Amino acid sequence: MQDNGLLTAIDVGTSKISTILGRKVGAGQIEFLAHSMVPSRGVRKGNVADVRATHEAVRQSVDDVRRQSGKTVASAYVGVTGGHVDFENLWRSMSWAGAHGFITAHDLSRIQTEVDAAVVGDNRRMIHTLAREYSVDGYSGIRNPEGMHSKDVRVGAHVVTGSADAVDTLVGSVEQAGIRVAGLVLQPLASSEATLTQSEREGGAAIVDLGCGTTDIVVFKGGAVTYSAAIPVGGYQFTNDICLTYGTPFQAAEDVKLRYASTEPYTVRTDEDVMLDVDGQRAPLRLPRRDLCLLMRERAHELSRLVLIKLREAGFDGDPDFSVVITGGSATMPGLDQLMHRTLGTRVRVGAPDRPPGLPESLRSPAHSTGVGIMVWALKQERELAEARRMNGAGEPGASSGGSMFARFFKRVRPVLQTGQDDTAS
Ligand SMILES: Nc1ncnc2c1ncn2[C@@H]1O[C@H](COP(=O)(O)OP(=O)(O)OP(=O)(O)O)[C@@H](O)[C@H]1O
Ligand SMILES: [Mg+2]
């Protein structure tokens with residue numbers, strides 16, 4: 001059994017698997033106990049492509065935090081992304097609400113279950129149902145209808161689903177490492193939990209998580225999520241461009257990118273050279289650093305144009321008050337924030353996790369936004385679950401720490417996943 005009060009986040013990324021272990025202390029606070037990061041070899045463009053390689057890496061990462069902390073880790077919240085993720089903004093009547101003459105918090109807590117049941121098809125899995133706004137007696141734009149005297153209430157929800165195959169494979173990979181999945185979190189939504197400010201969410205903002213395999217986007221307006229998307233381009237493509245252009249092996253290209261790349265070639269001196277290994281040649285290639293940066297700028301331009309297309313889809317019309325927060329490992333490429341600013345025509349900043357209080361320095365970098373955000377999300381989920389139990393008067397017997405949505409989710413996927421797994425978590 002997992003120690004009481006422990007929270008674990010696993011970010012199954014394309015380049016790294018990151019596990020963070022913490023303990024809930026006081027209201028909304030986490031004591032960080034351990035963190036481990038191991039290379040990820042089974043994930044392509046955010047999807048698990050090799051189950052064995054992924055569960056071995058997850059196991060290694062979790063064993064590492066177990067060793068560091070001396071704690072038992074039995075369950076975790078896990079991030080999900082990839083081209084299989086889709087969203088829909090829809091309206092549903094809350095026919096169950098207002099039975100006591102007014103709308104209660106319990107009525108609102110049922111949205112997840114009631115809307116899930118209505119929209120999930122056989123080949124899709126529910127990831128989130130996020131309330132955007134409500135309409136009461138025909139008046140829309142209501143942020144919180146709790147306490148209003150009406151039975152005519154509708155919810156406008158942002159519903160995020162993933163393909164059953166991809167989601168089950170991700171969950172199966174983690175479970176085969178002996179970890180029960182307490183809940184899934186859309187990766188850029190997690191990143192936003194660790195980096196976006198409340199005023200950015202209110203005024204209109206996008207989190208753009210530039211990872212290795214994907215660039216994930218979530219857009220907020222009026223405090224709520226209105227749009228999500230995943231572009232299958234990330235740091236991998238920047239490195240691959242170096243490989244293809246100069247015939248460089250991948251690791252050598254990655255090293256050169258991390259040391260010398262910038263998307264602002266004209267800030268680099270003309271006489272500065274870099275040495276590049278080339279396949280099949282003993283002597284390295286001498287290359288003006290500016291050429292390397294020009295190549296990176298081309299890729300960055302293309303990616304920023306793809307981001308602009310997605311933001312327009314989300315309703316962005318060039319409003320200069322709209323904020324874009326770029327995060328993820330690739331957001332640390334020098335110059336990328338300025339280039340994005342020029343393409344998008346709005347303010348852009350690089351976001352790194354700055355909460356919850358007590359967050360160690362080692363986790364305050366853009367590559368950790370998703371992992372830290374999963375912890376913040378998990379903390380909120382557990383608080384909401386505890387609140388829902390309190391309102392119901394009693395806890396569901398045997399309910400998981402992952403909340404009702406995930407308890408039901410797992411009832412649906414467990415039978416598919418149990419084959420061949422060593423279930424040391426239960
Ligand atoms: N200074 C830098 N300049 C350019 N790229 C960088 C820099 N630092 C990290 N990266 C790139 O960031 C990427 C890793 O970022 P991150 O850890 O956020 O990805 P991930 O979470 O593993 O992938 P994904 O979220 O796409 O599944 C790698 O492609 C790496 O080359
Ligand atoms: Mg990532």
Side-chain angles (χ1 to χ4, degrees), residues 9-20 35-49 53-54 57-58 61 78-85 166 170 173 185-195 207-218 229-243 248 250-264 268 274 289 292-293 295-297 299-300 303 325-337 339-340 350-353 362-374:
I10 305 180
D11 175 14
V12 182
T14 304
S15 72
K16 48 107 178 38
I17 310 267
S18 168
T19 304
I20 304 174
H35 172 233
S36 155
M37 199 162 74
V38 304
S40 170
R41 295 204 176 82
V43 180
R44 306 272 176 279
K45 296 185 189 294
N47 287 318
V48 175
T54 304
V58 170
S61 175
V78 176
V80 58
T81 185
H84 64 96
V85 175
L170 170 67
S173 303
V185 193
L186 184 67
Q187 289 186 12
L189 182 63
S191 301
S192 73
E193 291 286 341
T195 55
I207 183 96
V208 179
D209 187 329
L210 298 135
C212 174
T214 60
T215 294
D216 298 329
I217 301 174
V218 162
I231 300 169
V233 176
Y236 174 87
Q237 276 73 22
F238 285 82
T239 305
N240 202 41
D241 287 348
I242 301 174
C243 299
T248 309
F250 191 85
Q251 195 50 53
E254 176 75 9
D255 292 347
V256 161
K257 181 185 83 170
L258 295 184
R259 277 188 82 175
Y260 301 111
S262 157
T263 63
E264 299 292 308
V268 169
V274 296
R289 183 177 171 198
L292 174 79
C293 297
L295 185 65
M296 296 296 94
R297 191 176 69 160
R299 175 59 74 173
L303 182 53
V325 177
I326 60 170
T327 193
S330 298
T332 55
M333 182 179 291
L336 195 55
D337 51 342
L339 183 142
M340 288 263 175
V350 178
S362 58
L363 289 173
R364 292 173 182 261
S365 76
H368 294 307
S369 294
T370 302
V372 173
I374 295 172

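All residue numbers refer to positions in the sequence shown, counting from 1. Remember, it's 1-based here, ligands and their atoms both numbered in the order they're listed. Not measured: the values here are computed from a predicted model.
For atom 1 (N) of ligand 1, the closest non-hydrogen atom of the protein is Thr332 OG1, 3.4 Å. Scanning all protein heavy atoms for the shortest distance to atom 25 (O) of ligand 1 gives Gln187 OE1, 3.7 Å. Of all protein heavy atoms, the one closest to atom 11 (C) of ligand 1 is Ser330 OG, 3.5 Å. The single protein non-hydrogen atom nearest to atom 6 (C) of ligand 1 is Leu258 CD2, 3.5 Å, given as residue, atom name and distance. Scanning all protein heavy atoms for the shortest distance to atom 23 (O) of ligand 1 gives Cys212 N, 3.0 Å. Nearest protein heavy-atom contact of atom 29 (O) of ligand 1 is Gly235 CA, 3.3 Å. Nearest protein heavy-atom contact of atom 5 (N) of ligand 1 is Lys257 CE, 3.5 Å. Closest to atom 18 (O) of ligand 1, if we only count protein heavy atoms, is Gly329 N, 2.8 Å.
The main-chain N or O of Val58 is never found under 3.5 Å from a side-chain atom of Ser61 such that the two would form a donor-acceptor pair. Without hydrogens or angle criteria, Thr14 side chain to Cys212 main chain gives no donor-acceptor distance under 3.5 Å. The main-chain N or O of Ala352 is never found under 3.5 Å from a side-chain atom of Ser369 such that the two would form a donor-acceptor pair. The main-chain N or O of Gly46 is never found under 3.5 Å from a side-chain atom of Thr81 such that the two would form a donor-acceptor pair.
Looking at Ser18 and His35, their side chains come closer than 4.5 Å, going by heavy atoms from C-beta outward. Put simply, the side chain of Lys16 reaches to within 4.5 Å of the side chain of Asp11, judged on heavy atoms. Two residues are said to be in side-chain contact when any heavy atoms from C-beta on lie closer than 4.5 Å; Val78 and Val80 fail this criterion.
On a distance-only criterion, Asp216 and ligand 1 share no N/O pair closer than 3.5 Å. Here's the thing with Gly211: none of its N/O atoms is less than 3.5 angstrom from an N/O atom of ligand 1. Between Lys16 and ligand 1, a contact under 3.5 Å exists for at least one N or O pair. Not a single N or O atom of Asp209, backbone or side chain, sits closer than 3.5 Å to an N or O atom of ligand 1.
Taking both residues in full, the closest heavy atoms of Ser262 and Cys293 are given as O-CB, 3.2 Å, listed atom of the first, atom of the second, then distance. The two residues His368 and Leu363 come nearest to each other via the heavy atoms CB-O, 3.4 Å.
Every atom of ligand 1 is numbered from 1 in the order shown, and the set under 4.0 Å from a heavy atom of Thr214 is 26 (O). Each of the atoms 18 (O) of ligand 1 lies under 4.0 Å from some heavy atom of Gly328.
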